[in-house]
Amino acid sequence: MSTDIKIDLLETLKGVFGYDHFRGNQEPVIHNLIDGSNTFVIMPTGAGKSMCYQLPALVLDGVAIVISPLIALMKNQVDQLRAFGINARFLNSTLSKSEANKVKKETLEGKVKLLYVAPESLTKEENVEFLRLATISFAAIDEAHCISEWGHDFRPEYRRIKSIIEQLGQIPVIALTATATPKVQMDIQKNLDMDEAVVFKSSFNRTNLYYEVRPKSNTKKQLIQYVKKQKGATGIVYCLSRKKTEEIAELLRVNGISALPYHAGLDANVRIQNQDAFLKDEVSVICATIAFGMGIDKPDVRFIVHYDTPKSIEGYYQETGRAGRDGLPGYCLMFYSLNDINKLEKFNKDKPVTEKENAKLLLDEMVFFAESTLCRRKQLLHYFGEEFGDNCNNCDNCKHPKDKFEAKDQVIIALTTALETEQRFGMNHLIDVVRGSANQYVQSYKHNELSVYGKGKDEDKEYWKSIFRQILILGFLQKDIENYGVLKVSERGKAFLANPDSIMLCVDHKYENIAPEDEEKDEVVKTGGFDEALFKMLKDLRKREADAKDLPPYVIFQDPSLQEMATTYPQSEEELANVSGVGAGKVRKFGTPFIDLIQKYVEDNEIETAADFVVKTSGVRSKNKINIIQMVDKRFFLDEIAEQLGMSIYDLLDELELITNSGTSLNLDYYIEETIDVEKEDDIYDYFLNADTDNIAEAMDELGDGYCSEEEVRLIRMKFMSELAN
Ligand code: ADP
Ligand code: ZN
C-alpha cells in the first residue's frame with residue numbers, strides 16, 4: 001500500500017466523518033480490503049465496524065454492495081451516510097418498482113458509492129442481472145453470523161449470498177459480525193468460501209462492564225431497588241414478551257421511575273416517540289423486547305437488566321454491550337430461572353430438528369453461565385474463543401467468591417476419560433463413562449472396560465458437568481469445533497496429567513427452583529425470609545399497645561403486616577403507610593411506636609434496609625377501590641355495588657376488608673341496620689371485642705351453629721375494625 005493512500009484514508013476519515021484517528025483494527029482492516037483481499041472482521045458492538053467498509057467504499061472506484069439483514073435499519077444507515085454527503089442508497093422490499101428503478105439507474109451511472117441490499121432482494125434474478133452490469137468495488141456482508149445455524153440469528157437467505165456474489169465476478173468480500181463463537185466463525189468462513197481470508201478479531205472484553213446474575217425471585221422488588229440505586233441514570237430492561245415490557249414500564253412508573261415500553265407491536269408513532277424520549281434523556285428507563293437497541297448508539301446507557309433469562313449468550317452479550325459505550329462503568333444484571341429456560345425451550349418446540357437442537361445447546365450454555373461461580377468475564381470471553389486470566393474483579397462471582405474445593409483427582413479422571421475414549425466423544429458420553437452408566441453407547445464402544453469407568457459414580461451428573469465445564473474454560477480441554485461437542489485434551493491438559501498439581505474448582509450456585517407463580521409475586525410478605533427477631537419484637541410491641549388501648553392486637557396490625565415490616569424495615573410514616581394492610585389512618589393512630597422501634601433496631605444492627613421503596617402496583621384494584629368507597633358513601637346496598645362492578649358479594653367483601661384493614665373507615669351502618677337485627681349485631685361485636693383472633697370461622701363457631709351468616713360476621717367485623725382501628 002502506498003503512503004499516498006494511507007494519507008488519503010486519514011484525510012477522508014477526518015474530512016468526511018470528522019474523526020481524527022482510526023479505532024482498534026479499523027486501519028489494517030481497511031488496508032486489507034483496499035488491497036483486494038477477502039477480509040473477516042469480528043468486533044464487538046459499538047467498536048466501529050461500519051467504518052471498515054464505508055471508508056473503502058469512498059476511496060475505491062465503483063459501488064460497494066452492503067448486505068444487511070435489518071431492513072428497518074437500512075434507511076436509517078443510508079440517511080446517516082447521506083447526511084455526511086455520501087451518495088448511499090438502498091434496495092429492499094419497501095421500495096416501489098419505480099423507486100427501485102431509480103436507484104438502479106443511478107447506480108449504473110456510477111453515482112452511488114454504497115448500495116445497501118437486503119439478502120432477499122439480492123437473490124432476486126432481476127437484481128442479480130442489474131448488479132452484473134454495475135462496477136462493484138467489493139461486497140460487505142454485515143451481521144455475518146446470520147449465515148450460521150450455530151449462531152443466534154440464523155437467516156437461511158444468507159446461505160445464498162456466496163453463490164450470487166460469485167456470479168458478479170471477482171470481487172473482494174468483507175464479512176463483519178459482532179458475535180462469533182469459534183464454531184460460528186468457522187461456519188461463516190466455510191459458507192462464504194473465505195478460508196483464506198485475513199481474520200481481524202478484536203478482543204471482546206468490555207472492561208468497564210460489571211456482570212451480575214441473580215435468581216429470579218421477588219424480581220419486581222429487586223428491579224425497582226436496582227433501578228432506584230442508579231439514581232436516574234439511563235438503562236434498558238429487556239423482557240421476553242411485549243406484554244411484559246408494558247407491565248414492567250408501568251410498574252416502574254407507579255414506583256416513581258420514569259419508564260416507557262418499546263416493542264414491535266406498538267404503534268409506529270408511539271414506538272418512535274418512546275425511542276426518542278430515551279435518546280433525549282426524557283425518560284430514564286426503556287422496557288423493551290430484544291427488538292430494541294439494534295442500531296441505537298446511545299453512549300451513556302448505564303445499566304442493562306435482563307428481566308427474563310435470555311435465550312443465548314450471544315444475544316445476552318450483544319445486549320449488555322449497549323451499556324457503557326462511553327467507557328464509563330456499565331452495570332449488567334440478569335435474572336435467571338430454570339423456569340424461564342423451560343419456557344424458552346417450549347418456544348422452540350415447533351422448529352425443525354437441527355434448529356431445535358442448536359437452540360437447546362445455546363440454552364445449555366446459558367444455564368452453565370448462570371449457575372457457574374467462575375468469573376463471568378472469563379466465561380463470556382471463553383465462549384467467544386478468547387482466553388482471559390483468572391479474575392476480573394468486576395463481576396459478581398469475583399466480588400463475592402464462592403467456596404472452592406480441591407479437584408485434583410476429579411480433573412485427572414475427567415482428562416483420562418477423554419484420552420481413554422480416544423478423544424472422540426462429547427461431554428455427555430464422557431460423563432456417562434465416568435459415572436459408570438450402562439447405556440447402550442457405553443457398552444457398544446466397550447467403554448465399560450476402561451480403567452476410568454465408574455470412577456465418579458458417587459457424584460451426580462450435574463456435579464460432573466460442572467467439572468468438565470470448568471476445566472474446559474480453564475483450557476485443559478478443548479472443544480473440537482469441526483465436530484461440535486467433541487472434547488480433546490489440550491497441551492495444558494496433557495502437562496497437567498504428566499505432573500498433576502493442586503487445582504481448586506468452584507462449587508456452582510445452587511439456585512432454588514422457584515415456582516413460576518412465586519417469581520411473579522408482588523408481595524414481600526408471603527415469601528418468608530423476614531427478620532424473625534424483629535418480627536417478634538414487633539409482636540411484643542403490638543401486644544403492649546393493644547393492652548394499653550384495651551383492644552385485641554389484630555385490630556392494630558395483622559401478622560402479615562408485621563412480617564412485611566420485618567422485611568422492608570419502614571422508618572417513616574410514608575414508608576409504613578406503604579406496608580400492605582396499613583394505610584394512612586393506621587399510621588396516624590398506631591404508627592409512631594412501631595417506626596421508633598424499627599429505627600432503633602436498624603441502627604443497632606446496622607441493617608442495610610431495602611425500605612426505600614415498597615413495590616406498588618397499579619391498576620384495576622385501585623380503581624375499584626375508589627368506586628366502592630364512593631358507592632358506600634352514597635349508601636348503595638352491597639348487592640347493588642357488587643352487581644354494578646360485576647363482582648360476587650364475597651369478592652366485594654374481600655375488597656371492603658382490604659379497604660378497612662388498610663386504614664380507611666367505611667361507614668356501613670346504613671346497610672347493617674337494614675339487614676342485621678340489633679341483638680345479633682351486638683353479640684357479634686362483643687365477640688370480637690373479647691376474642692383472641694379475628695378468624696371468621698372461629699367466630700361463627702363460637703357464636704353458635706347457624707346463628708349468623710358469614711356475610712353478617714364479616715360485616716360486623718369490618719364495622720368493628722373501622723370504629724376501633726381507623
Ligand atoms: P458497530 O457496527 O461496530 O456496532 P458502528 O459502526 O455503529 O459500530 O460505530 C459505533 C460508533 O463509533 C459510531 O457512532 C461511529 O460513528 C463511531 N466511530 C466509528 N469509527 C470511529 C473512529 N475512528 N473514531 C471515532 N468514532 C468512530
Ligand atoms: Zn470476574
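Both ligands and their constituent atoms are indexed starting at 1 by order of listing. All heavy atoms count here, side chains included; hydrogens, waters and symmetry mates do not.
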Quick one: look up the protein heavy atom nearest atom 12 (O) of ligand 1 and list residue, atom name and how far away it is.
R23 NH1, 3.1 Å
Among all the protein's non-hydrogen atoms, which is closest to atom 24 (N) of ligand 1, and how far away is it?
Y19 CG, 3.4 Å
Judged by atom type as modelled, is there a donor-acceptor pair below 3.5 Å linking the side chain of R376 to the main-chain atoms of E212?
no
Can you tell which of E314, E365, K378 makes a side-chain hydrogen bond (donor to acceptor under 3.5 Å, both in side chains) with Y383?
E314
Closest approach of any protein heavy atom to atom 4 (O) of ligand 1, naming residue and atom:
G46 N, 2.6 Å
F22 contact mode with ligand 1 (heavy-atom cut-off under 4.0 Å)
backbone
G48 N/O to ligand 1 N/O under 3.5 Å
yes
Between CG of N397 and CZ of R377, what distance do you get to the nearest 0.5 Å?
12.0 Å
Is it the case that the side chain of N274 and the backbone of L260 share a donor-acceptor pair, with hydrogens and angles ignored and the cut-off at 3.5 Å?
no
Can K216 and D308 be counted as an ion pair, charged N to O under 4.0 angstrom?
yes
Parallel under 30°, tilted from 30 to 60°, perpendicular over 60°: which one fits the rings of Y317 and Y211?
parallel
Do Y307 and Y238 have their ring centres less than 6.0 Å from each other?
no
Is the gap between the ring centers of F369 and Y316 under 6.0 Å?
yes
May I ask you to identify, for M43, whether its side chain, its backbone, both or neither come under 4.0 Å of ligand 1 on a heavy-atom basis?
neither
Shortest protein contact, atom 20 (N) of ligand 1 (heavy atom only)
Q26 NE2, 2.9 Å
Which protein heavy atom lies closest to atom 11 (C) of ligand 1, and at what distance to 0.1 Å?
D297 OD2, 3.6 Å
Tell me which part of A47 gets within contact of ligand 1: side chain, backbone, both or neither, using heavy atoms under 4.0 Å.
backbone
Candidate with minimal heavy-atom separation from atom 23 (N) of ligand 1, of H21, R325, M51
H21
Looking at side-chain heavy atoms only, is the closest gap between L10 and F22 below 4.5 Å?
yes
Pair N32-T39, side-chain donor/acceptor within less than 3.5 Å:
yes
Please list, in number order, the atoms of ligand 1 under 4.0 Å from a heavy atom of K49.
1 (P), 2 (O), 3 (O), 4 (O), 6 (O), 8 (O)
Run down the list G18, S50, G24 and name the one with the heavy atom closest to atom 6 (O) of ligand 1.
S50
T245 versus T289, side-chain donor and acceptor atoms under 3.5 Å
no
For the Zn ion (ligand 2), every protein N/O/S atom that sits closer than 2.8 Å, waters excluded:
C375 SG, C392 SG, C395 SG, C398 SG
Which distance, rounded to the nearest 0.5 Å, do you find between the CG of D326 and the CG of N208?
7.5 Å
